[in-house]
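Along the sequence shown, residues carry numbers from 1.
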Amino acid sequence: MAGGPDDELADRMSGMLRFGTAGLRGPVRAGPAGMNVAVVRRATAGLAAWLARDGVRGTVVVGRDARHGSEAFAAAAAEVLAGAGFAARTLPGPLPTPVLAFAVRELGAVAGVQITASHNPPADNGYKVYLADGAQLAPPSDAEIEAAITAAPAAVSVPTGGDVSEVDVTGSYLDRVARLPRGTARTLRVALTPMHGVGGAVAVHALHRAGFTDVHVVASQAAPDPDFPTVVFPNPEEPGATDALLALAAEVGADLAIALDPDADRCALGVPTAESASGGRAGWRMLTGDETGVLLGDHLLRTGSYDDPLVATTVVSSSMLRSVAQAHGARFAETLTGFKWIVRGGPGLVYGYEEALGYCVDPGAVNDKDGIAAATVACDLAATLKADGKGLPDRLDALSAEHGVHLTRGISVRMEPGPRDAAVARLRDAPPQGWAVTRPAPDVLVLRREGERLVIRPSGTEPKLKAYLEVVEHGDRARAQERLDALAATVTELLGA
């Protein structure tokens, strides 16, 4: 019977979880195709063999979130690393992923492992690897580690034991984040949710240390809970996920709403609408990742003192950051999707972001996206604007007036690999008339024409084809919206959605 016990068993035994550029991620269950202690032991044995390929050992720091299985998986990883001759250091209890990324460089570690599935569904967990520079894996390291995992012995034969001890860098991390604000204004009322994840307490401490003490947390979502009971999907991008946050923001009269994803490496911002900001009808909206990305990038360049700075974003994010960088005399890099590429965009990186709510505001401390640090910088910007009688929407309007209205939209079409590859090939070989095509990667197409851009790429985790649209219109937001709607209709037809 389809979907019965036999199919479930076949799925669990269908092969090892693939070790990609973010490590492992999958459902917590028995079998090689699930996240379990045996899979974690073999994965860690492979990682240890790869790290020791030149005979050198060192410190590896292990952290975890509060998902199902995280505590056992973190302990298993530390025991295997110690058994392989590394000094395994574990963080105390469930902590945000950015704290682990910070710890790697703070402790001079050769690598770090974070047990987390970020904003995946409750049934999932994962195993994320950072290298000595505090950045995520990038090819070919992922393929080399996967080969080492394949060559590892059975889990019961993997040596364990040795030097495992606990280390706490949270205070040092909070001290660093507290130094991020550039302005002096601190009068700001904040509504915040960690979305049942591990970022709540750390975020509140970070904001308090930075001087933002008027913080209200969504009570029903404040404590870590691996079942994520009040949200259908624990991702701030999902419809309805921030409803409780915006309700609290309206109730307490907040100036800014902040949603962290469960491991706190992503951050979403909500702002009062014009009506509520002027004291009329209550209304709030969440900013898009591109809106927040440009606001933070402009703020950092406007208030910072840098020597030949570089800012970076991805090929699917808004191109406004390029114009903002040029206005501030900064260099700009456009990379493939993912922070493994953003933080490697070039020397002198001071800021990077991706449209999926990821922001790297302090690469010298956390060489990856960091929702807590981003939230602190956002509070700095919002408080500075409030002191001048303005808000984030006002700053967005000013940026649009200076650099043009940049509107973006994503379209995701469910499509199996065969038809998906055929659709990409068709667009590559016979693009619509008037579009210039480039291929920054074998599976990514970028189509451009005057004032419009379309990026097509397959999903790396689901049977989907993704399209990212952008239109740029100088001086007319309504016209930009009309063009974006028309482009979306054209793209939907092209993809056969």
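- Looking at Tyr468 and Arg457, their side chains come closer than 4.5 Å, going by heavy atoms from C-beta outward.
- In this structure, a donor-acceptor pair under 3.5 Å is present between the side chains of Tyr127 and Thr44.
- Judged as a side-chain contact (heavy atoms from CB on, under 4.5 Å), and not counting sequence neighbours, the contacts of Pro363 are Leu349, Cys360, Asn367.
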**OP:** Begin from the C-alpha positions of Asp175 and Arg209 and carry the test salt bridge (charged side-chain N to carboxylate O under 4.0 Å, His left out) through to its verdict.
**Re:** CA-CA 8 Å; Asp175 288 342; Arg209 287 202 189 191; 2.5 Å; yes
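- Expressed to the nearest 0.5 Å, how far CG of Asp380 lies from CG of Leu207 amounts to 11.5 Å.
- Looking at Thr314 and Glu354, their side chains never bring a donor and an acceptor atom within 3.5 Å of each other.
- At least one donor-acceptor pair under 3.5 Å links the side chain of Arg67 to the backbone N or O of Ser118.
- A donor-acceptor pair under 3.5 Å is absent between the side-chain atoms of Asn120 and the main chain of Gly26, judged by distance alone.
- Judged by distance alone, the side chain of Arg41 and the main-chain N or O of Val158 form no donor-acceptor pair under 3.5 Å.
- Between Arg29 and Asn36, the closest side-chain pair of non-hydrogen atoms is not below 4.5 Å.
- Donor-acceptor pairing under 3.5 Å is lacking for the side chains of Asp65 and Thr97.
- Judged by distance alone, with hydrogens and angles left aside, the side-chain atoms of Arg439 form no donor-acceptor pair with the main-chain N or O of Val444 at under 3.5 Å.
- Using a 4.5 Å cut-off on side-chain heavy atoms (C-beta onward), Leu100 and Val113 make no contact.
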Subject >> Worked check of salt bridge (charged side-chain N to carboxylate O under 4.0 Å, His left out) between Arg186 and Asp214 >> reply: CA-CA 9 Å; Arg186 294 294 184 272; Asp214 192 358; over 6 Å; no
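- Summarising the geometry of Arg331 relative to Ala325, their closest heavy-atom pair is O-CB, 4.1 Å, with the distance given to 0.1 Å.
- Proximity of Leu357 to Glu237: side-chain heavy atoms (C-beta onward) are separated by under 4.5 Å at one or more points.
- Distance CD1/Ile149 to CD/Glu144: 12.0 Å, rounded to 0.5 Å.
- Cation-pi geometry between Arg53 and Trp50 is met: the NZ or CZ atom falls under 6.0 Å from the ring centre, inside 45° of the normal.
- The backbone N or O of Arg189 sits less than 3.5 Å from a side-chain atom of Asp255, completing a donor-acceptor pair.
- Using a 4.0 Å cut-off between charged side-chain N and carboxylate O, Asp362 and Arg179 make no salt bridge.
- In this structure the side chain of Pro239 never reaches within 4.5 angstrom of the side chain of Val232, judged on heavy atoms.
- Glu355 and Ser318 are not linked by any side-chain donor-acceptor pair at a separation below 3.5 angstrom, with hydrogens and angles left out of the test.
- In terms of modelled atom types and a separation under 3.5 Å, the side chain of Arg105 and the main chain of Ala132 share no donor-acceptor contact.
- Counting only heavy atoms from C-beta outward, the side chains of Leu287 and Val271 approach each other to under 4.5 Å.
- Listed here is the closest heavy atom pair of Val169 and Ala103: CG2-CB, 3.6 Å.
- In plain terms, the two heavy atoms of Leu256 and Trp284 that are nearest each other are N-CH2, 3.9 Å.
- Considering every non-hydrogen atom in both Ala257 and Ala249, the closest pair reads CB-CB, 4.2 Å.
- Inter-residue side-chain proximity for Ile258 and Cys379 is flagged as met; some heavy-atom pair is nearer than 4.5 Å.
- By the 6.0 Å contact criterion, NE2 on His68 is enclosed, its count of non-hydrogen atoms from other residues, nucleotides or ligands being greater than 12.
- Only one option out of Pro224, Pro229, Pro226 pairs with His196 in a side-chain contact (heavy atoms from CB on, under 4.5 Å); it is Pro229.
- Using a 3.5 Å distance cut-off with no hydrogens or angles, the side chains of Glu470 and Thr408 do not pair a donor with an acceptor.
- When side chains are defined from C-beta on, Tyr353 does not count as touching Ile342, because their heavy atoms never get closer than 4.5 Å.
- With hydrogens and angles disregarded, no donor-acceptor distance shorter than 3.5 Å links the side chain of Asp168 to the backbone of Pro92.
- Closest approach of Val37 and Ala72 over heavy atoms only: CG2-CB, 4.2 Å.
- Shown here is Asp307, whose CG atom has no more than 12 heavy atoms of other residues, nucleotides or ligands within 6.0 Å.
- For the residue pair Ala88 and Ala78, the shortest heavy atom distance occurs at CB-O, 3.5 Å.
- We find that Arg285 and Glu291 are joined by a salt bridge, their nearest charged nitrogen and carboxylate oxygen being less than 4.0 Å apart.
- Under the 3.5 Å distance criterion, with hydrogens and angles disregarded, no donor-acceptor pair is assigned to the side chains of Arg64 and Thr116.
- Panel note: side chain Gln114, backbone Lys128; no donor-acceptor pair is recorded below 3.5 Å.
- Evaluation of the side-chain contact (heavy atoms from CB on, under 4.5 Å) rule for Ala111 yields Leu51, Val60 as partners, not counting sequence neighbours.
- When the shell of 6.0 Å around CD of Glu334 is examined, it contains more than 12 heavy atoms from other residues, nucleotides or ligands.
- For the residue pair Tyr359 / Asp370, no side-chain donor-acceptor distance below 3.5 Å is found, with atom types taken as modelled.
- No donor-acceptor contact under 3.5 angstrom links the side chains of Asp298 and Tyr351, judged on distance only.
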